[in-house]
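Both backbone and side-chain heavy atoms feed into the values below; hydrogens, waters and symmetry mates do not.
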Amino acid sequence: MERTHRRLAVQERNDPHRPPKRQPHTSKVQGQRCYRIAVIPGDGIGPEVIREGLKALEAVSGKNGFRCELIHYDLGGERYLRTKELLPDSVLEELRQCSAIYFGATGHPDLPPTLLEQGLLLRLRFELDQYINLRPVKLYPGVSCPLKDKGPEDIDYVVVRENTEGLYIGAGGFFKKGTPDEVAIQESINTRLGVERCIRYAFEYTRKRNKEKKLLFCGKTNVLNYAHDLWMRVFNEVAREYADVTTEYAHVDAACMWMVKNPERFDVIVTDNMFGDIITDIGAVLQGGLGIAPGGNINPKGVSMFEPMGGSAPKYTGKGVVSPLAAIRACAMMLEHLGETQAARAVEEAVKKATSEKLKSLEAGKMGYSTQEVGDMVAEAV
Ligand code: IPM
Ligand code: MN
């Protein structure tokens, strides 16, 4: 059997010969905080939405007394078509020296699925060990919600998605490929270390968020008798250290139902990589769609990466019709992560102002403004 174990991360992580993690590059220049931000606009609409996010960043940094050194990287489908390079090792090394990465989108209509996803986006997440994918689900005032009778007070929760293991690592293989007897195996890898650090992060996050202090593990323990048995045991064990956090469990299928029926019951959800991918698209649509849904790929001790959740949207590329608010909110998440809390708030407030006072819709072509106009509006408001 031809088997490709792309990455058994735990071996790498436990390798005693590996150099210790460097702290993200942050410096002071003449007493001013200075962050080195790697900007990877990527494919499709990526560059147009990232441009607007950078406008907000520029505006807010001036007002809050810090500076950003931006380093632009041309990576993605176009670069690959030109040079056959996806993520050169030298670039990866430079990224390790940055304070954070601001990422646009990946996906190219002329390239096969999985090439860019595995070669660029997932490779970044894995190589930089960004083991949390943090995805807030928050309905902003003025944004129309597809759920009847639900408003901003009902839709405000956060999904903590495991981001470096599970079905995503590309473990498995084909047997007798292309024949009628073909077998395809895709394995879900769940390590004690990977599961525990994700669950611990979720407990800490729930405590710090300090809203309802309620953490729900979303799994499928009635079927995934190995993977989610481990998750459930670790969840219950770690819970004992957090007496102030109320814990709950839901099967993923039931959780999907509740998200549509009673989204107000959620505070923080922790889940594995694959389920997290799926349920956060429900989360995205509850808060107005991919035009406003951001995500953070977090390595608490390394370099984290912030991105709008949506893809490259080739059919809208270059038209200036898509909402940049997801990219702008990703920028706010990046600021929060860097410790620039005030700046992050200012950006969020500016987004709120845009949704509640100006935008007609978040759908492409229906905002009542162009991508650039929305970016200007937010940058002015901060
Ligand atoms: C996301 C995306 C990615 C994922 C794809 C592009 C590989 O859907 O960030 O949710 O599945 O994680
Ligand atoms: Mn997804």
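Interatomic distance, CG of Leu338 versus OG of Ser99, reported as 6.0 Å (0.5 Å rounding). Annotation: the span from Cys145 atom SG to Ile155 atom CD1 amounts to 3.5 Å, rounded to 0.5 Å. Between the CD1 atom of Ile40 and the CG atom of Leu124 there is a distance of 5.0 Å, given to the nearest 0.5 Å. A distance of 6.5 Å separates OG1 of Thr317 from CD1 of Ile45, quoted to the nearest 0.5 Å. Between the CD atom in Glu165 and the CG atom in Asn273 there is a gap of 8.5 Å [rounded to 0.5 Å]. Within the model, atoms CG of Asn133 and CE of Met309 stand 8.0 Å from one another, a figure rounded to the nearest 0.5 Å.
What you find for Asn299 and Ser304 is that their closest heavy atoms are N-OG, 3.0 Å. Asp267 and Lys214 get closest at one heavy-atom pair: OD2-N, 3.0 Å. Pairing each heavy atom of Ala326 with each of Pro308, the nearest pair is CB-CB, 3.6 Å. Ala293 approaches Ala284 most closely through the heavy-atom pair CB-CB, 3.7 Å. Here the closest heavy-atom approach between residue Pro146 and residue Val285 is recorded as CD-O, 3.3 Å. Considering all non-hydrogen atoms of both residues, Leu95 and Ala38 come closest at CD2-CB, 3.4 Å.
Enclosure of atom NZ in Lys84 by more than 12 non-hydrogen atoms of other residues, nucleotides or ligands within 6.0 angstrom is indicated.
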With a 3.5 Å cut-off and sequence neighbours excluded, list the donor-acceptor pairs that the side chains of residues 109-117 form with protein atoms.
residue: Glu117; atom: OE1; partner: Thr114; partner atom: N; Å: 3.3

query = How far apart are the C-alpha atoms of Arg79 and Glu85, what are their side-chain angles, what is the distance that settles it, and do they pass the salt bridge (charged side-chain N to carboxylate O under 4.0 Å, His left out) test?
reply = CA-CA 7 Å; Arg79 160 98 176 244; Glu85 281 175 310; 3.0 Å; yes
query = Does the pair Arg209 and Glu204 meet the rule for a salt bridge (charged side-chain N to carboxylate O under 4.0 Å, His left out), with working shown?
reply = CA-CA 9 Å; Arg209 173 170 152 95; Glu204 282 296 324; over 6 Å; no
message = Quick one, Asp154 with Lys261, criterion salt bridge (charged side-chain N to carboxylate O under 4.0 Å, His left out). Give me CA distance, side-chain angles, the key distance, then yes/no.
response = CA-CA 11 Å; Asp154 302 308; Lys261 201 160 176 285; over 6 Å; no
ask   = Taking it one step at a time, do Tyr80 and Asp43 satisfy side chain to side chain contact (heavy atoms under 4.5 Å, CB included)?
value = CA-CA 11 Å; Tyr80 179 79; Asp43 299 309; over 6 Å; no
request  = Please test Arg197 against Glu162 for salt bridge (charged side-chain N to carboxylate O under 4.0 Å, His left out), starting from the C-alpha separation and ending with a verdict.
outcome  = CA-CA 9 Å; Arg197 65 183 183 171; Glu162 201 290 323; 5.1 Å; no
request  = Given side chain to side chain contact (heavy atoms under 4.5 Å, CB included), test Arg329 with Lys138 step by step and report yes or no.
outcome  = CA-CA 11 Å; Arg329 281 183 67 204; Lys138 187 175 168 73; 3.9 Å; yes
message = Is there a side chain to side chain contact (heavy atoms under 4.5 Å, CB included) between Val159 and Thr280? Walk through the geometry before answering.
response = CA-CA 7 Å; Val159 178; Thr280 55; 3.7 Å; yes
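Between Asp129 and Arg96 there is no salt bridge, since no side-chain N of the basic residue sits under 4.0 Å from a carboxylate O of the acidic one. A salt bridge is defined here as a Lys NZ or Arg NE, NH1 or NH2 lying under 4.0 Å from an Asp or Glu carboxylate O, and Glu307 with Arg125 meets this definition. Of the charged side-chain nitrogens involved, none lies within less than 4.0 Å of a carboxylate oxygen, so that Arg161 and Asp272 do not count as a salt-bridged pair. Using a 4.0 Å cut-off between charged side-chain N and carboxylate O, Lys352 and Glu349 make a salt bridge. Between Asp181 and Lys176 there is a salt bridge, since a side-chain N of the basic residue sits under 4.0 Å from a carboxylate O of the acidic one. Ion pairing between Lys55 and Glu52 holds under the 4.0 Å rule for side-chain N and carboxylate O.
Cluster annotation: Val160 is connected to Val137 through the hydrophobic network of ILVMFWY side chains, with a link wherever side-chain heavy atoms come within less than 4.5 Å. In the hydrophobic clustering of this structure, Val260 groups with Leu216; members are Ile, Leu, Val, Met, Phe, Trp, Tyr whose side-chain heavy atoms approach within less than 4.5 Å, directly or through other members. Tracing side-chain contacts under 4.5 Å through hydrophobic residues (I, L, V, M, F, W, Y), one never reaches Leu290 starting from Met305; they form parts of separate clusters. In this structure, Leu54 is a member of the same hydrophobic cluster as Leu325, with clusters built from ILVMFWY side-chain heavy atoms closer than 4.5 Å.
Applying the side chain to side chain contact (heavy atoms under 4.5 Å, CB included) rule to Glu363 yields the partners Ser361, Lys366; only residues at least two apart in sequence or on another chain are considered. Qualifying side chain to side chain contact (heavy atoms under 4.5 Å, CB included) partners for Ala255, counting only residues two or more places apart in sequence or in other chains: Cys218, Ala250. Applying the salt bridge (charged side-chain N to carboxylate O under 4.0 Å, His left out) criterion to Lys319, with sequence neighbours excluded, gives no partner residue.
Residues Leu335 and Val60 meet the side-chain proximity criterion, which asks for heavy atoms closer than 4.5 Å. For the pair Cys256/Ile282, a side-chain contact is recorded, criterion being any heavy-atom separation below 4.5 Å from C-beta on. When side chains are defined from C-beta on, Phe175 does not count as touching Glu182, because their heavy atoms never get closer than 4.5 Å. Using a 4.5 Å heavy-atom cutoff, the side chains of Leu70 and His72 are in contact. With a 4.5 Å cut-off on side-chain heavy atoms, Pro263 and Lys150 count as touching.
Side chain of Thr371 to main chain of Gly320: a donor-acceptor pair is present (N/O by atom type, distance under 3.5 Å, no hydrogens or angles). Here the side chain of Glu373 pairs a donor or acceptor atom with the backbone of Ser370 at under 3.5 angstrom. A donor-acceptor contact shorter than 3.5 Å is absent between the side chain of Thr164 and the backbone of Tyr131. Listed for the Glu340 side chain is no donor-acceptor partner under 3.5 Å among the backbone atoms of Ala332. Formation of a donor-acceptor pair under 3.5 Å by the Asn297 side chain with backbone atoms of Gln130 is not found in this model. Judged by distance alone, with hydrogens and angles left aside, the side-chain atoms of Ser356 form no donor-acceptor pair with the main-chain N or O of Gly142 at under 3.5 Å.
Among pairs with a residue in residues 182-217, those fulfilling ring-ring contact (aromatic ring centres under 6.0 Å, His included) read Phe203-Phe235, Phe203-Tyr242, Phe217-His228, Phe217-Trp231, Phe217-Phe235, Phe217-Tyr249, at least two apart in sequence or across chains. Within the structure, salt bridge (charged side-chain N to carboxylate O under 4.0 Å, His left out) pairs that include any residue of residues 235-247 comprise Arg192-Glu237, Arg200-Glu241, Arg207-Asp244, Lys213-Asp244 (at least two apart or interchain).
Not less than 6.0 angstrom separates the ring centroid of Phe306 from the ring centroid of Phe103.
Considering Thr355, Leu362, Leu359 in turn, Thr355 is the only one that fulfils the side chain to side chain contact (heavy atoms under 4.5 Å, CB included) rule with Tyr140.
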